[in-house]
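Beneath this line is the structure, given in structure tokens, with notes to follow.
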Amino acid sequence: MFGYYLDLALRSLKRNKVLTALMVLAIGLGIGASMTMVTVLHVMSGDPLPGRSGEIYYPHLDPLPLDYHKSEYGPDPGVNFSWPDAMALVSAHRAERQAAMAGGHLLVKPERTDLRPFYVDGHYTTADFFAMFGVPFVHGQGWAASADGAREHVVVLSETLGRKLFGSADATGRMVRLNDTDFRVVGVAADWRPQPLFYADASARVFSAADQFFVPLSAALDLKFDTSGNVSAWSSFDGDMKSPTVTWLQVWVQLKDSTQVAAYRQFLIDYSTNQKRLGRFERAPGNAHLYGLMEWLDHQKLVPADVRLQLWLALGFLLVCMVNIVALLLAKFLRRSGEVSVRRALGARRRDIFQQMGVESMVIGLAGGVLGLVIAQVGLWSVRRRPDDYAHLAQMDPSMLIGTLLLAVFASMLAGLLPAWRACRITPALQLKTL
Amino acid sequence: MIMEIRPIFASMRKHMIPATLIVLEIALACAVLCNAVFMISQRVSDIHLPNAIDEQSLVTVTLRGTDDKLAGSDVPRNLAALRGIAGVQSAAVISTLPLSTNNWGWSFGTKPESTITDQSTTNVSLFFVGPGIDKTLGLRVVQGRFFNDDDYANSSLGSAPLPETHAVVLTKSLVEKMWPGQPALGKTMYTTGHYYTVVGVMADVLRPNIGGQNYSTAFFPLGAAGSKGVQAYYVMHCDPQDRDRIVREAELKLATINPGAVAKGQTYSEIRTKYFANMSSMAWMLVLVCVVMLAVTAFGIVGLTSFWVNQRRRQIGVRRAVGATRGHIMRYFQTENFLLSTAGVVFGMALAFGINAYLMQHYELNRMPWYYLPCGAIALWVIGQLSVFGPARRAAAVPPVVATRSA
């Protein structure tokens, strides 16, 4: 029966080409616009560390004074860690692995005379960083924990920066001049670019930046390297980055299972209680929190409000298109009252009529879905041309492709429900009289 | 007209579904349209925020990676070199520029005991400016004076991120916020360990990042010797037509005399365009969605009304047969569409303000001004009338003889 209904549907759609084209266009536009924005949102809220993100956690302490009020304009200082807190957490070794870090922006002075000095983005961090996040290495490896203590001038380069400075040769053991200090290359990391760059300070351009270097945090602090992220102080600040009232560091930990998670949460509360007893913290120790990686990204609201607004707008637009299709299908089905009545008089049940109309809506949905895919590709192409830092991510994966078609068919079948119901309620006798 | 409305209502009651669909379509279009247009207008007004500097005549080169300890001799040497470029009318250094996204903020109070955590303090963007910046940027001092040579010579950066000086020039908006209704000259703003006295008030200059209190900008004097190299922006004033040439020449010149540093030149217009690029691309996308949506709505109305006309051919024929003119039939359908549009607009506006209220809560949007109501209503009435015109004309063309067929 399905084949027959399909044939009927195609004939009926061919009979009134303008109306059919209008419906396909409406669903195509609605689906195209929605899927463009859904895809952008999907790629932006993706998992930056597939397979590993479940074990990565961001601790949160609340060292702010009781009377602190966050200015509407400024960033939230409570998001980051002060030097004493970050070091306490890292040196406690209560997690499987733990690392403190801060973003940096350093001047590279190449030995090659044909290259001018240039700036690169990277991170100052501690030894566990590489193993914890699973950074892949091309040559060498990260530094040992002893290098942190000794404030050694060592560096891990990205493959891109390594090739730019030293060509294709193995760069380990070579020296790189960063901000007028020589650093020895201990490892070259394969280009590793989690999207978003979850471990960076929230003010960074987390969707475009890829780190080009990693140096020990202790060495960077020793050399007074500037951090590129937010530095927030809530007391007088004389430039001392080790001050307990200045936050600028991020701390990440790796925990294997729920027992470890529970133990670490308790550790954070105990630490806060202890700090409160010492008079350093003023707020309730219960404010200490442990976020999972994905939970933290959600909490940080990395997806710009604009993107969410655009998604709402696109969905509103899809709704308008669907109401349109309801109207047009209604017009189309009721115009065929005569035909429907003849079928009913010859013994077709209401259910059969309903199915026939349903197949017709589905065909429109499929055609609209294909058109929607084309429009969504054009939409994504235009998003990629935009200057936003997430723009280059706007690509459709196979699951989105199938999702688009399904959404289109679902939307048009939903839109076809009311018209099909109306069509199968037609009283055959009344219509047949007028034929 | 009055006579005609009753039969229209009677007919609508018989055709509830198409009538409801038209109302629904207009209501949805109205709600989405009003909010989209409102978002566009918000973005456009942000993009055109006034900024009291000579934007069209400014060129800047940022120089980073120099030796901070040598700033006292490097900066004057670099400035002298830049002034030597043909077409440069003046040059000066500054720590950041409006809309450069390079922000250093600090909170100040109006009382000596003010601390950074006080509720009553105001967050201010700090600009550390070198001699001649007023002339170079084209600042307009509206009260008091700008900095003199002594101010520059007596100021320096210590270990704190605030300059060791006591003179400050604030924008007009900022002094009104800090000391509402009072003369600002001679007033002092405080933070722990530092205080600054207002020596002048200038016209509104934007902050490096906007988004609330866009003009909370404070200029502090800072001579090159005590600057620790924070004044990385070299700004030049020139004729607008010379800008592109001067950017290239200035960048090359600073790169040549500072071989270890990185020089990057751009015109001020580029900084502004780059800052608002996201916003303007978003605004264009919204415009596109609005246009397409209006078209889809109009087509939907055309389709539904045509269908409706077809369904009622016999009734039209009867009316024509008993004496209605073509004009009567036309007017019937136009009035009907007007009534449906009105119902749609009423629902649509309620929905539009509802959505706006929701967005205000969640996305820092402002309240939609009242005049969106009449404007949206007029727009949708016009669209309704335009799309009903064709079907109504076809209805009016139905000959009276139709009434006699198979009735």
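Labels below follow one simple rule: chain letters A, B, ... track the order of the sequence lines, proteins then strands, and each chain is numbered from 1. The basis for the numbers below is simple: all heavy atoms, side chains too, and nothing from hydrogens, waters or symmetry mates. Values in this document were obtained by computation on a predicted structure and should not be read as measured data.
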Among A/L334, A/L19, A/L328, residue most engaged with chain B (heavy-atom pairs, under 4.5 Å)
A/L334

Could you have a look at A/L309, A/V326, A/L29 and say which one has the most heavy-atom pairs with chain B under 4.5 angstrom?
A/L309

Is it the case that more than 12 heavy atoms not belonging to B/F347 sit under 6.0 Å from its CZ atom?
no

Expected output: side-chain A/R116 to main-chain B/A261 donor-acceptor under 3.5 Å
yes

Taking atom CE of B/M39 and atom CG of A/L313, what is their separation to the nearest 0.5 Å?
5.5 Å

What is the minimum heavy-atom distance between A/C321 and B/V296, and which atoms define it?
SG-CG1, 4.2 Å

Which value, rounded to the nearest 0.5 Å, describes the distance between A/I325 atom CD1 and B/L21 atom CG?
12.0 Å

So, the part of B/N102 with a heavy atom under 4.5 Å from chain A: the answer is neither

Do you know which of B/G260, B/G158, B/A295, B/G300 has the most heavy-atom pairs with chain A at a distance under 4.5 angstrom?
B/G260

Of the backbone (N, CA, C, O) and the side chain (C-beta and beyond), which part of A/L319 lies under 4.5 Å from a heavy atom of chain B, both, or neither?
both

Could you state the interatomic distance from CG (A/L25) to CZ (B/F299), rounded to the nearest 0.5 Å?
8.0 Å

If you apply the rule side chain to side chain contact (heavy atoms under 4.5 Å, CB included), what do you find for A/N324 with B/E25, and how did you get there?
CA-CA 7 Å; A/N324 243 295; B/E25 208 166 288; 3.6 Å; yes

Roughly how far, to the nearest 0.5 Å, is the CH2 atom of A/W312 from the CG atom of B/L359?
9.5 Å

If one checks every heavy atom of A/A327 against chain B at 4.5 Å, the contacting part turns out to be both

To the nearest 0.5 Å, atom CZ of A/F317 lies from atom CG of B/L288 at 8.5 Å

Among B/A27, B/A36, B/A255, B/S216, which residue has the highest count of heavy-atom pairs closer than 4.5 Å to chain A?
B/A255

Can you tell me how far CG of B/L24 sits from CE of A/M322, rounded to the nearest 0.5 angstrom?
11.0 Å

Under 4.5 Å, counting heavy-atom pairs only, tell me which of B/G193, B/S306, B/P161 racks up the most with chain A.
B/P161

